[in-house]
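Here's the structure we're looking at; comments come further down.
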Amino acid sequence: MRTWEVRGSRARCLLPLAVVVCAVGVGCGRRNSPGDAPLARQSLTAALESWKAGDAPTKIRDNTPPIVMVDPAWDKGQKLESFEIVGPEVDDGTNLVCPVKLVVDDPRGKLTAEVKYIVGTSPKITIFRHRSSY
């Protein structure tokens, strides 16, 4: 019985060490690449200009480099009348978060909203709408 108690106490002492080693090992894996803020701004502007021109959302995937953008209003076929990047942008070290004022032609009329786009530049250029007020 005494041998079991000694082994049990060793196991209890080694368990936290094993957890720390595993956590450090997981943290040493592939990390996110830092974002490229100028490329993110340029890509967001190019995507919004494409939407404003009446292009299909998939057309910007033919750009060099390709851009993948997800915006529910564009995907539904709503027309972008105008946009303005209103800032300030926030660089979180991986993505650039850009506030943009949009004016969209909707069946209910022209809707104005300030939305945020999350723009990533590595390994691919991706743009996703974060939140919308309409």
Side-chain angles (χ1 to χ4, degrees):
M1 184 105 153
R2 185 168 220 163
T3 306
W4 180 82
E5 288 177 4
V6 170
R7 286 184 187 158
S9 69
R10 277 189 192 156
R12 281 192 299 267
C13 290
L14 293 177
L15 182 62
L17 179 60
V19 169
V20 169
V21 168
C22 288
V24 169
V26 169
C28 292
R30 183 174 171 226
R31 295 177 189 235
N32 290 332
S33 300
D36 181 339
L39 178 60
R41 275 186 225 96
Q42 176 186 10
S43 300
L44 177 59
T45 300
L48 292 171
E49 287 291 347
S50 181
W51 180 9
K52 185 177 171 185
D55 296 335
T58 55
K59 186 169 190 312
I60 57 176
R61 293 181 183 168
D62 296 333
N63 287 16
T64 303
I67 301 170
V68 176
M69 181 169 175
V70 177
D71 186 290
W74 194 5
D75 292 339
K76 289 181 201 172
Q78 293 176 327
K79 172 82 172 129
L80 180 63
E81 295 290 324
S82 65
F83 70 91
E84 178 186 359
I85 299 174
V86 293
E89 301 153 339
V90 176
D91 188 339
D92 69 6
T94 304
N95 301 304
L96 192 67
V97 181
C98 302
V100 178
K101 180 180 175 184
L102 302 176
V103 178
V104 177
D105 190 10
D106 184 77
R108 300 171 283 179
K110 293 200 189 309
L111 299 177
T112 301
E114 188 169 310
V115 300
K116 291 182 182 176
Y117 287 103
I118 301 170
V119 185
T121 58
S122 179
K124 296 181 180 184
I125 299 172
T126 56
I127 304 170
F128 297 96
R129 184 187 282 202
H130 181 258
R131 70 176 70 159
S132 172
S133 59
Y134 67 88

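What you are looking at is a predicted structure, and each value in this text was computed from that prediction instead of being measured.
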Handout entry: Distance-minimising heavy-atom pair for Ile67 and Ala47
Key = CG2-CB, 4.5 Å
Handout entry: Note, Thr45 side chain near Glu49 side chain (heavy atom, < 4.5 Å)
Key = yes
Exercise for the section: Would you confirm whether Trp74, through its side chain, and Asp55, through its main-chain N or O, come within 3.5 Å as a donor-acceptor pair? Expected result: yes
Practice task
Give me the one residue out of Leu44, Val104, Leu48 that meets side chain to side chain contact (heavy atoms under 4.5 Å, CB included) with Phe83.
Solution key: Leu48
Practice task
Working to the nearest 0.5 Å, report the span between CG of Asn95 and OG1 of Thr126.
Solution key: 6.5 Å
Practice task
Enter the distance from Asp36:CG to Arg41:CZ here, rounded to the nearest 0.5 Å.
Solution key: 9.0 Å
Practice task
Check whether any side-chain heavy atom of Pro66 lies under 4.5 Å from a side-chain heavy atom of Lys124, and answer yes or no.
Solution key: no
Problem - Sidechain-backbone polar pair: Asn63 side chain, Pro65 backbone, donor-acceptor under 3.5 Å - result: no
Handout entry: Heavy-atom check, side chain of Leu102 versus side chain of Gln78, under 4.5 Å
Key = no
Exercise for the section: Would you please test Val68 and Arg61 for side-chain contact (heavy atoms from CB on, under 4.5 Å) and show each step? Expected result: CA-CA 6 Å; Val68 176; Arg61 293 181 183 168; 3.8 Å; yes
Exercise for the section: Mark yes when over 12 heavy atoms from residues, nucleotides or ligands other than Lys79 sit less than 6.0 Å from its NZ; otherwise mark no. Expected result: yes
Practice task
Verify the cluster assignment for Val115 and Val103: are they in a single hydrophobic cluster under the rule of side-chain heavy atoms below 4.5 Å apart?
Solution key: no
Problem - Heavy-atom check, side chain of Tyr117 versus side chain of Ile85, under 4.5 Å - result: no
Problem - Check: Ile60 main-chain N/O paired with Ser50 side-chain donor or acceptor under 3.5 Å - result: no
Exercise for the section: Quick one: closest heavy-atom pair of Ser43 and Ile127, and the distance? Expected result: O-CD1, 3.8 Å
Practice task
Grab the two heavy atoms, one from Cys98 and one from Val119, that are nearest each other, plus how far apart they are.
Solution key: SG-CG2, 4.4 Å
Handout entry: Heavy-atom closest contact (Lys52 atom, Glu81 atom, distance)
Key = CE-O, 3.4 Å
Practice task
Would you indicate whether the side-chain heavy atoms of Val86 and Glu114 approach each other to under 4.5 Å?
Solution key: yes
